[in-house]
Amino acid sequence: MKKFSVIALALMLFSLVLSPSFSSPKASLLTAELDPKVERLLANPLSNEEVELIITYKDMPVLSDIKLLKLLGFQVNPFSELPIVAVKGKIGLVNELLLTATNILSIYANDDLQYFLRDSRALIGTEAVWNDLGFTGKGVTVAVIDSGIDATHPDLQYGEKVVQNVKFVVGDLFWQSASLP
């Protein structure tokens, strides 16, 4: 009889673990990548912090995707040419979104970008080029490393200030270069 009770208890615990009410949104939607900051906020069930998030979709979000975000209570700002939507709302809404949406690729906090170019100077040998080779850059056109530009902006007209759009993919040993329209 004691053996039967242990087996019955084990089966009950096993069924509770597999119950949908005990599964986390991340477990139910393993394909969505979450920012570690978002994961930390979601791990605290008492957190009701207001956050700004960038949601990337597998395909361009359709009207039903946008309506779902609004229905859940997010303020929504979709991008017109990218499968991305910026949202603002309570962190708890993310759990509901993950349980409902199936087209989400990733969710990241909309944090300020941090650049570490100054730290890379030693790695790329900047001082050696300046000091040992005598190249100062005087009279040379300078390329600006930026997170992106709006090539349709009147201050960035192609042929005047923008002459080429270059994309470098870290880890792959190729450059992709394309002139802007």
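For the numbers below, each heavy atom of this structure counts, side chains included, while hydrogens, waters and symmetry mates do not. Numbering starts at 1 and runs along the sequence shown. The model shown is predicted, which means the values in this text are computed figures rather than measured ones.
If you chain together hydrophobic residues whose side chains sit under 4.5 Å apart, L97 and I54 never meet in one group. A chain of hydrophobic side-chain contacts below 4.5 Å, direct or via other Ile, Leu, Val, Met, Phe, Trp or Tyr residues, connects L68 to I91. A single hydrophobic cluster is seen to contain both Y57 and L72, as judged by linkage of ILVMFWY side chains at heavy-atom distances under 4.5 Å, directly or through other members.
Of all heavy-atom pairs between F74 and L93, the closest is CZ-CB, 3.4 Å. Residues K37 and D111 share a closest heavy-atom pair of NZ-OD1, 3.0 Å. When all heavy atoms are compared, the tightest approach of P83 to P61 is CA-CD, 3.7 Å. Taking every heavy atom of both residues into account, V76 and K70 meet most closely at CG2-CG, 3.7 Å. Residues I66 and P78 share a closest heavy-atom pair of CD1-CB, 4.0 Å. Pairing each heavy atom of S80 with each of M60, the nearest pair is O-CE, 3.6 Å.
A side chain to side chain contact (heavy atoms under 4.5 Å, CB included) with V87 is found for one member of I107, V51, I55 and no other, namely I55.
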Check the pair D65, V85 against side-chain contact (heavy atoms from CB on, under 4.5 Å), reporting the backbone distance first and the verdict last. CA-CA 10 Å; D65 294 316; V85 177; over 6 Å; no
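When atom types are taken as modelled, the side chain of D59 and the backbone of N103 share no donor-acceptor pair closer than 3.5 angstrom.
At most 12 non-hydrogen atoms from other residues, nucleotides or ligands lie less than 6.0 angstrom from CZ of F135. Within a 6.0 Å radius of NZ in K90, more than 12 heavy atoms belonging to other residues, nucleotides or ligands are found.
E39 contributes atom CD, which lies 10.5 Å from atom CG of L41 (distance to the nearest 0.5 angstrom). Rounded to the nearest 0.5 Å, atoms CD (E33) and CG (D35) are 8.5 Å apart.
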